[in-house]
There are 2 protein chains.
Amino acid sequence: MRPETLDALMAIVGETNISTRAADLYTYGFDASIHHRSPDVIVRPRTTAEVSDVVKLARREKIPIVARGAGTGLCGGAVPLMGGMVMDMTRMNTIKEVRVGDLYCVVEAGVVYDRLNERLAPFKFFFPTSPGSAEACTIGGMVATNASGMRAIKYGATRDYVLGLEVVLSDGSVMRVGTNTIKNSSGYQLERLFVGSEGTLGIITEVTLRLAPKPKRQCMIMAAFDSLEAAGTCVSELIATPVLPSATELMDRTCIQAVNKTVGSGLPDCEALCMIEVDGEPEVVEREMGMVTKVAERVGAISVEATSDPKTMARWTNARKSVMSALSRFGERFVSVSLADDMAVPISRIPAAVKAFQEIAVRNDVVIGTYGHAADGNLHTKMLVDPMSEESWRHAEVAVGEIYDVVLDLGGTVTGEHGVGISKAPYFQRERASALDTMVAIKKALDPDNIFNPGKMQDWEGGIIRHLRYPCPDLK
Amino acid sequence: MRPETLDALMAIVGETNISTRAADLYTYGFDASIHHRSPDVIVRPRTTAEVSDVVKLARREKIPIVARGAGTGLCGGAVPLMGGMVMDMTRMNTIKEVRVGDLYCVVEAGVVYDRLNERLAPFKFFFPTSPGSAEACTIGGMVATNASGMRAIKYGATRDYVLGLEVVLSDGSVMRVGTNTIKNSSGYQLERLFVGSEGTLGIITEVTLRLAPKPKRQCMIMAAFDSLEAAGTCVSELIATPVLPSATELMDRTCIQAVNKTVGSGLPDCEALCMIEVDGEPEVVEREMGMVTKVAERVGAISVEATSDPKTMARWTNARKSVMSALSRFGERFVSVSLADDMAVPISRIPAAVKAFQEIAVRNDVVIGTYGHAADGNLHTKMLVDPMSEESWRHAEVAVGEIYDVVLDLGGTVTGEHGVGISKAPYFQRERASALDTMVAIKKALDPDNIFNPGKMQDWEGGIIRHLRYPCPDLK
């Protein structure tokens with residue numbers, strides 16, 4: 001990068017807020033995915049005005065800009081595929097307004113999910129989307145990927161809470177979209193278009209979020225099954241009853257064994273587990289616990305345990321949250337990787353999907369751990385791969401292709417909550433075939449020089465194991 | 001319109017499904033707004049393929065197409081401002097799929113809101129957005145305007161239920177956006193961009209909607225106040241408690257007198273009424289009735305009456321639903337018109353807004369009836385205008401301008417649930433100043449020849465009383 005450019009950037013954000021140190025560039029080349037590419041510079045703006053000035057400069061000099069929150073993304077959305085600039089948004093971390101009487105709050109893009117909910121707790125309100133990376137992920141990143149988590153079935157995804165956005169466009173102008181009202185019919189809902197745009201249309205600097213009242217009580221039911229299909233059937237039976245749980249976490253034998261072995265969670269040894277959380281008003285929670293237990297027993301649960309003891313619920317939740325890391329420590333030489341890890345299918349198709357995934361694992365001689373937010377049809381399949389073995393990667397890649405074939409045949413989507421990034425781009429292109437031209441037209445209209453996160457989503461090509469962190473290009 | 005064009009249209013949809021009869025053209029030149037312009041032809045397609053062929057023809061011959069559902073819109077969205085073709089979508093009225101276990105249904109654009117909920121009722125599910133025109137309005141029109149109604153505070157607006165769309169684009173191609181899953185992170189959320197697009201980006205032919213479980217019980221509280229501000233305060237106090245009512249309808253003295261006089265509803269004679277509905281599980285409804293009553297008394301209600309008697313609730317609801325027609329029969333020579341009739345402000349700003357509206361009415365010597373879905377900040381102000389008096393219109397137009405000034409100063413929006421159409425275009429342009437260029441860029445990218453509903457929203461100019469139905473241009 002030209003020294004004059006670095007000087008200009010420094011003049012905008014200040015000397016201490018840009019970096020070209022090798023260690024920084026290397027670190028900022030990662031997110032939580034399998035991909036890596038070092039940027040040429042890291043810029044850490046503090047204000048929307050600084051973001052605007054940086055964008056104007058980048059546009060003038062045709063430098064790619066990749067906005068980055070906490071880098072917790074699992075498919076390479078924050079990896080600067082074409083180099084250029086990573087814009088670290090974490091200094092823009094002010095909660096600007098909390099107006100519970102108006103049911104909204106206004107936050108800068110770099111505010112961390114858990115920090116926001118800590119601030120909202122005393123008011124008995126919360127932002128309920130519950131991503132797995134709640135302790136670290138930023139609101140801006142959540143909007144960019146339409147992030148959600150285990151409570152989407154009852155509370156929806158990030159898109160359902162975005163009332164307004166402040167966005168810096170490719171010409172550096174600052175656009176405000178949406179309103180401070182609960183609803184509007186005031187033209188195109190651009191605030192929702194930018195949800196899921198993964199930094200390719202503009203830089204999100206501020207978010208107005210709708211708030212939800214906190215439930216007064218929670219309890220959990222753990223149901224054990226002798227097959228994944230039975231567990232899947234339990235979930236779709238619940239929905240049709242209707243009982244809308246606040247969470248329904250599915251785990252297969254591989255995941256159960258992994259957490260029992262590495263975390264010592266002492267989960268029932270069985271083929272599949274369903275951890276079902278219900279929340280709301282106390283009497284209703286009591287009644288729904290009973291209904292959930294009945295449904296689980298009717299569809300053939302081996303054992304059903306219900307609790308409202310905070311310690312027990314914390315232990316169960318912790319076991320579930322440990323799955324990803326536990327899988328990585330499960331087999332020697334193997335790490336769990338995010339490849340086909342975020343599919344969603346119509347709820348009633350879960351049994352068919354999990355059965356097919358098991359067959360694919362056997363056929364391709366790969367170990368797959370399946371878990372996920374079953375009640376919203378969102379399944380996570382983590383593959384255990386030997387990162388240093390080309391053959392292991394190839395097996396995995398074939399299995400991934402077959403998994404996505406199944407998901408699309410079942411009327412599902414290749415990503416329920418993680419985003420497209422690099423990992424899912426080719427499968428995303430298949431899923432969205434009839435909409436790609438429109439997405440490209442919008443991208444070109446808003447970012448004619450393609451400076452925002454170039455190479456992601458619609459215009460990326462190639463196999464998923466391009467740009468692998470293993471073996472790490474920067475260490476070769 | 002050229003005879004060859006009419007023949008070509010006839011060949012696509014069949015002889016009985018196009019019309020150029022003067023009476024039809026005149027009728028299809030109206031919606032429920034103050035505007036009128038007759039189209040040159042009416043086309044009634046039955047299938048997406050027919051829509052596609054008609055669009056290809058219109059694109060080739062540069063003929064404007066205005067998609068129309070039930071024509072219940074209040075701001076001229078369905079009025080063919082530039083003539084051309086009105087595409088009546090009401091023959092596409094098939095409910096294609098109801099999958100309660102998957103929490104969605106698939107309907108053609110012309111399906112009527114109430115018909116859909118009748119079909120869903122046996123499953124204990126519903127599509128809860130509750131527009132005022134529920135008996136007639138179509139799902140396609142609801143998506144095009146992000147329609148909602150008195151239950152948006154608890155259940156959200158149409159945008160919150162759109163999982164997927166089938167859209168015919170300006171080149172006649174058929175695009176599918178969104179998914180059959182509860183959530184997706186699969187690229188730009190185009191399904192939400194088309195919400196609120198008012199037929200300017202494409203023709204919506206099919207909608208996939210999320211379903212919600214029906215509440216088991218409803219009850220209503222009627223609270224009377226000696227000032228509109230006190231009633232407004234009651235609403236924002238409720239929200240902050242938090243109690244989330246399923247509906248909170250506000251009525252001022254003018255509205256109360258109008259329905260008592262014309263419908264004989266026997267509502268309490270007071271300055272302002274709040275009709276508050278709570279729904280859900282029986283015990284919770286009981287408790288929330290008590291909480292609502294407490295809050296209403298604390299903020300100084302003159303009288304509070306609670307009921308779960310279906311007959312009484314029906315009478316109250318009917319009184320509220322009669323406001324619009326009652327106002328039209330309230331004063332001799334006067335009709336109630338939709339001008340500044342759909343503003344929304346942050347909930348806590350309602351008292352300030354209604355106070356300002358009353359001052360504006362006095363200052364401009366106009367009669368304004370104020371009512372609305374107060375809990376989501378959505379206020380309807382109907383003006384009583386002598387349709388044949390230019391002076392009366394001028395007074396109204398000045399008052400409307402002042403009302404929108406107040407709304408925008410309070411951080412509100414010019415339209416909460418009706419849309420922009422013709423009536424709100426100039427005020428919409430003020431509200432959306434920083435977003436207009438982006439909306440125009442998207443419009444040009446998707447509809448380069450501007451055939452879809454030209455002259456609406458972003459590129460329309462002029463005072464609101466252009467294109468008036470009074471005195472009716474076609475009868476002059």
Side-chain angles (χ1 to χ4, degrees), chain A residues 100-103 124 145-146 148 152-153 157 159-160 175-177 179-190 192-193 195-197 213 236 239-240 242 244 281 283-284 344 346-348 376-377 411-420 428 431-432 434-435 438-439 441-442 445-446 457, chain B residues 100-103 124 145-146 148 152-153 157 159-160 175-177 179-190 192-193 195-197 213 236 239-240 242 244 281 283-284 344 346-348 376-377 411-420 428 431-432 434-435 438-439 441-442 445-446 457:
Chain A
V100 294
D102 292 323
L103 286 181
K124 298 183 277 180
T145 55
N146 191 28
S148 60
I153 176 62
R159 66 179 176 186
D160 302 305
M175 176 173 72
R176 298 204 69 95
V177 292
T179 59
N180 294 338
T181 55
I182 296 310
K183 64 189 192 186
N184 81 77
S185 293
S186 188
Y188 308 163
Q189 306 271 313
L190 295 181
R192 306 276 168 124
L193 171 68
V195 172
S197 62
S236 43
I239 302 302
L244 232 52
E281 297 292 319
E283 319 86 324
V284 181
I347 300 159
S348 66
D376 58 34
T413 175
V414 301
T415 171
E417 60 183 25
H418 295 172
V420 176
F428 158 77
E431 178 191 340
R432 295 299 191 194
S434 78
T438 302
M439 291 191 195
I442 290 171
L446 270 60
M457 292 168 47
Chain B
V100 295
D102 292 322
L103 286 181
K124 298 183 276 181
T145 54
N146 190 30
S148 59
I153 177 62
R159 66 179 177 188
D160 302 305
M175 175 173 72
R176 298 203 70 94
V177 293
T179 60
N180 295 338
T181 55
I182 296 309
K183 64 189 191 185
N184 82 77
S185 293
S186 188
Y188 308 162
Q189 305 272 312
L190 295 182
R192 306 274 169 126
L193 170 68
V195 173
S197 62
S236 44
I239 301 302
L244 232 52
E281 297 292 318
E283 319 86 324
V284 180
I347 301 159
S348 66
D376 58 33
T413 175
V414 300
T415 170
E417 60 183 25
H418 294 174
V420 176
F428 158 78
E431 178 191 339
R432 294 297 190 196
S434 79
T438 301
M439 291 192 196
I442 290 172
L446 270 61
M457 291 168 46

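By convention in this document, chain letters (A, B, ...) are assigned in the order of the sequence lines, proteins followed by strands, and residues within each chain are numbered from 1.
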Q: Tell me, for A/Leu446 versus chain B, whether the close heavy atoms (under 4.5 Å) come from the side chain, the backbone, both or neither.
A: side chain

(Q) As an exercise, state the distance from CG of B/Leu103 to CD1 of A/Ile347, rounded to the nearest 0.5 Å. (A) 4.0 Å

(Q) Just so I know, are the side chains of B/Asn184 and A/Arg432 near enough to count as touching, which here means a heavy-atom distance under 4.5 Å? (A) yes

Q. Would you find a donor on one side and an acceptor on the other, under 3.5 Å apart, between the side chain of B/Asp102 and the backbone of A/Ser348?
A. yes

Q: Could you check which of A/Gly411, A/Ser148, A/Pro346, A/Ser186 has the highest count of heavy-atom pairs closer than 4.5 Å to chain B?
A: A/Ser186

Q.
If you define the side chain from C-beta out and look only at heavy atoms, does anything of A/Thr438 sit under 4.5 Å from B/Val177?
A. no

Q | Choice from B/Leu244, B/Asp376, B/Val284, B/Thr179 maximising heavy atom contacts with chain A below 4.5 Å | A | B/Asp376

Q. In Å and rounded to the nearest 0.5 Å, what is the OG1 to CD distance from A/Thr181 to B/Glu417?
A. 11.0 Å

Q. Checking A/Glu431 against chain B: side chain, backbone, both or neither under 4.5 Å from a heavy atom?
A. side chain

**Q.** Exercise: identify the closest heavy-atom pair between A/Tyr188 and B/Met457
**A.** CE2-CE, 3.5 Å

Q. B/Val195, B/Val100, B/Ile442: which one forms the most heavy-atom pairs within less than 4.5 Å of chain A?
A. B/Val195

Q.
Using heavy-atom distances under 4.5 Å, tell me whether A/Thr145 contacts chain B through its side chain, its backbone, both, or neither.
A. backbone

Q) Which of these, B/Lys183, B/Arg192, B/Arg159, sits in a side-chain contact (heavy atoms from CB on, under 4.5 Å) with A/Asp160? A) B/Arg192

Q) Do you know which of B/Ser197, B/Gly187, B/Ala435, B/Gly377 has the most heavy-atom pairs with chain A at a distance under 4.5 angstrom? A) B/Gly187

Q. Has the side chain of A/Ser185 got a donor or acceptor atom that lies under 3.5 Å from a matching backbone atom of B/Thr415?
A. no

**Q.** Interface residue of largest heavy-atom contact number with chain A, from B/Gly101, B/Gly416, B/Gly196, B/Ala445, under 4.5 Å
**A.** B/Gly416

Q) Out of B/Pro242, B/Ala240, B/Ala441, which one racks up the most heavy-atom pairs below 4.5 Å with chain A? A) B/Pro242

